[in-house]
Amino acid sequence: MSFWLLLTVNSITFGGLLFLLSAGFSLIFGLMRIPNLTHGSMFMVGAYLGSTFLSGELGFITNFWTAAILSAIEVAVLGALMERFLLRRLAGQPLAQVLVTLGVSLMVADLCLMGWGGDPISVETPSGLGGFLRVGPAVFPLYRVAIIGIAVVIAIALWLTLERTRLGAMIRAGVDDPQMARVVGIRVSRLFTIVFGLGAGLAGFAGMIGAPILSVYPGLDQDMLPLALVVVILGGTGSLLGSFVGSIVIGFIYNFGQALLPELAYFILFLPMVIVLVVRPQGLFGGQVL
Amino acid sequence: MTLRCAAIIIAILALIAAPFAIGQDYYINIASQILLYAVFALGIDVLVGYGGLVSLGHAGLFGVAAYILANVLAAGYGHAVAIAASLIGGLIATAAFAAVALRSTGISFIMITLALGEIIWGLAYRWISVTNGDNGISVTTRPAPFGLSLASPRGFYEATLVIFLLAMAAMAIFVRSPLGAALAGTRDQPRRMNALGYHVWMIRFLAFLFSGLLSAVSGVLFVYYNQFISPQALALPASAAGLLMVIAGGAGTLLGPVVGSALVVIVQNVVSAYIERWNFMLGAIFVAIVIFMPEGLVPGVTRLVRATWRTASRRRPRAMAPSLGPKP
Amino acid sequence: MTALAVNGLNKSFGGLRVTADVRLAVEPGERRLIIGPNGAGKTTLFNLITGEMSPDSGSIALFGRDITRLASRRRAHLGMARTYQIITLFPRDTILHNARLALLGLSPLRWNPFIALDRQPHLSARARDALGRVGLGHMADRPLAETSYGEKRRVEIAMALAQEPRVLLLDEPFAGLSIDERHDVRELLKSVPRDVTVIMIEHDMDIALDLADRITLLHFGQVIVEGTRAEVVADPRTREVYLGE
């Protein structure tokens, strides 16, 4: 099978994971005007929790998908709690809120280290998806194709939620003009909690479904957070389409960079960000929510 | 004014006498760490406190200087060349960093500096042919300026003290200067400053260079102190610790970063005696400071002292911390 | 030569045209009053003239020199100063420091990182002078945060005057002032030397009317009427704009 084709699939897969991570990040930013620096931690915690569910250490055995959904729910609750009890206290003080998310991310990193130790934990590919998908002469790892499918389904679901539901309309109103949203009677504070929880849950889910590929290790949070930042700087904040395009672009750059210039892969990520900042500081799709 | 001069002289004498009074190497080393991180924190304070630009990427700038120093030394050059190269390299990196980061201000500035800092960390971690990756680079010798050896903790402390005092003096002069006043102006009313004839971007850029130079100086001190540099020294927690020093001590004050550095270094050393890693404490202090004492220790304590001691009414108001709260 | 010449100036926000083909020609030394109801685009016009916003099309010239694409700070150096409708001062500093910043903005000293700003007697003396002109000389050392709204308005004007501009733009200098304060500010503006060209926005026609040589009436971003005080007051379109709203 062609090296390039595999690399392309890997890039799209990684882009899909990044989308799940950065969509929530972007929505939280769009609504609350703060970068949630715990977003990488949410991703990592999701993966750790999922791996624990899978291991059966809790006295019951779940399959992969149940584990992923359970950990997503748990992380969503953690995110909502953090918004409700920490960030809400600092409403209207974006700088203080950012610093609190930074502080919490440092605490979470150490707690995970204490709870799960320093060794990487590998998560097995869910049963039935360990094989390959044959399309003509090409062969694709089934699980990676599945991740792409999941990312696309969630992207569509998010898009429909934003476009077609009452909740989505409120979120869009909040992103466009928080003051106005408040004036027309939207309970913005509750919306914050919901969106924060949703974003955290998506990140946690991404962490678990990414785990068979990336595995789980201390520092995973620090690896993922900058990627989410770069995606959002690239795509613009508060824009689902921007997150999607940004994620795919970064997925490609990261994977091709890893393969071709492994030492500088991380550095190469920086180039599109710089170009976008110079040419279009609001990001490629900033200012609109799709 | 004379009272202030006397206080400064007493403080300096106390700092010089410190190692003779404490005697034990362990404590002298902690004092050296406090001073070298104070230089780092002063650099961050230029931007955070006086420029209103909150950076989460300064450990990257610190790291660039540190790695250049280690590499130039490893290539067989002398200390003078290595230090010069590392400061110049640090400034060049700062200029590039600033050119990108100053495309924005406010919260976006935090995001961009964080991303840039992480990218430098990523380089340190992955660019193994230059940085030796996770294993880091060792530096076997310390310089001996004017024939004075810095090999002992006491010798190193004294050299660090001299550099710290120079940095303090530079900072004190800068913040009282017209350029310093202009920087504080761009923090409070950038639009008005522009209309008054100031080149807001250039003022911020120059402040960034000054800040980067202080970061580079502290990076050099760090490498000589530890005789080792690895990616961990420039990871996000390092930038966060620097920012915490500034905010805990009091942003926009001269003394705040020094007090903050002392706080963080002492807590870190005490905590490390009990648990292996201390990031949890770092994060917890961060959250506690932001929620309970957002103005920082120095302004907080000053306010308390002033409230009890009402004679200070004619004193000039000092530049204050960028308020964490909404703009007035 | 015309002090300020604005030609065919346009600016839209989204689909909303806030400045529509505006033409202005203000002669040196003239007192020009720009009036118009809320949302007429007066402040936007000022922001375009001072360069804080850039126009979609059209041109702006200061004493014959095209400044359409010039940064705001460059226009200040060419002799343009403004005040803000919403007070835009440095709240953590003293009144004196506010005025000093205005002077420093045009001085090459502003790049100096070595000297102590408060040890520049020349600069401080000029700043005190400027504050004296607006009647704030006695309270120069007071922190700005401890001054009244009316005093802040005067600091705004002092800062603009301190820069010794050739063209002075005042954005609602009377806004929010008491009757006594209005009187003081009016006297102050009357005392501005005639070699300074003054362009003033005022929402309320009555206060500023007798300061103006010529009046421009703006409505929905367009110049509706322009002429002498008597002409504008007598024009039926003025009545229409003000009574019809």
Side-chain angles (χ1 to χ4, degrees), chain A residues 29 32-35 37 40 86 89-111 113-114 118 218-219 221-223 225-230 232-233 237 258 261-271 273-274 276-283, chain B residues 48 52 54 56 96 99-104 106-108 110-112 114-131 133 232 235-237 239-241 243-244 247 275-291 294 322-327:
Chain A
F29 194 103
M32 302 179 63
R33 306 280 191 262
I34 59 158
L37 301 185
L86 276 179
R89 293 180 66 124
L90 302 165
Q93 304 174 43
L95 176 56
Q97 290 180 326
V98 178
L99 297 179
V100 164
T101 64
L102 174 68
V104 171
S105 78
L106 296 173
M107 291 164 73
V108 169
D110 250 17
L111 286 176
L113 192 67
M114 291 174 207
D221 54 342
Q222 255 205 72
D223 282 347
L225 176 65
L227 294 177
L229 280 174
V230 173
V232 171
I233 291 171
T237 52
Q258 290 277 35
L261 281 168
E263 292 206 317
L264 299 177
Y266 221 74
F267 185 69
I268 294 169
L269 279 175
F270 159 86
L271 291 176
M273 187 184 94
V274 171
V276 165
L277 280 173
V278 170
V279 180
R280 207 182 137 79
Q282 70 272 43
Chain B
V48 175
V54 178
L56 267 179
V100 177
L102 287 177
R103 295 293 297 176
S104 69
I107 298 296
S108 310
I110 302 182
M111 285 169 64
I112 293 170
L114 196 158
L116 291 176
E118 289 289 278
I119 280 154
I120 298 177
W121 167 80
L123 270 181
Y125 191 59
R126 306 265 172 87
W127 197 6
I128 295 165
S129 52
V130 171
T131 64
Q232 212 195 325
L236 179 58
S239 286
L243 183 60
L244 177 63
I247 288 175
I275 50 175
E276 201 178 329
R277 283 169 59 111
W278 87 290
N279 281 349
F280 182 84
M281 273 308 287
L282 176 65
I285 301 175
F286 227 120
V287 172
I289 291 272
V290 168
I291 291 182
S323 133
L324 293 175
K327 289 216 162 164

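Side-chain atoms of B/I110 and A/L102, non-hydrogen and from C-beta on, never get closer than 4.5 Å to each other. For the pair A/M107 and B/V287, the minimum side-chain heavy-atom distance is below 4.5 Å. The shortest side-chain heavy-atom distance between A/M273 and B/L116 falls under the 4.5 Å cut-off. Proximity of B/L114 to A/L225: side-chain heavy atoms (C-beta onward) are separated by under 4.5 Å at one or more points. Side-chain contact check for B/M111 versus A/I233: some heavy-atom pair is nearer than 4.5 Å. Residues A/L37 and B/L56 are in side-chain contact: their nearest non-hydrogen atoms beyond the backbone lie under 4.5 Å apart.
In summary, of the residues considered (B/I289, B/I291, B/L243), a side-chain contact (heavy atoms from CB on, under 4.5 Å) with A/L99 occurs for B/L243 alone.
For chain B, the nearby parts of A/V104 are the backbone and the side chain; heavy atoms of each come within less than 4.5 Å. Of the atoms belonging to A/L227, not a single heavy atom falls under 4.5 Å from chain B. Using a 4.5 Å cut-off between heavy atoms, B/S129 touches chain A through backbone and side chain atoms alike. There is no contact between A/L261 and chain B, counting heavy-atom distances below 4.5 Å.
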**Study point:** side chain to side chain contact (heavy atoms under 4.5 Å, CB included) between A/L113 and B/F280, worked out
**Key:** CA-CA 10 Å; A/L113 192 67; B/F280 182 84; over 6 Å; no
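Here the shortest heavy-atom pairing between B/I107 and A/P94 reads CD1-CB, 3.8 Å. The minimum heavy-atom distance between A/L106 and B/P237, with the atom names listed, is CD2-CG, 3.7 Å.
Checking side-chain atoms of A/D110 against main-chain N and O of B/N279 turns up a donor-acceptor pair under 3.5 Å. The main-chain N or O of B/A235 is never found under 3.5 Å from a side-chain atom of A/Q222 such that the two would form a donor-acceptor pair.
Atom CD1 of B/I119 sits about 11.5 Å away from atom CD1 of A/I268, to the nearest 0.5 Å.
Within 6.0 Å of atom CD in A/E263, more than 12 heavy atoms from other residues, nucleotides or ligands are found, so the atom counts as buried in its surroundings.
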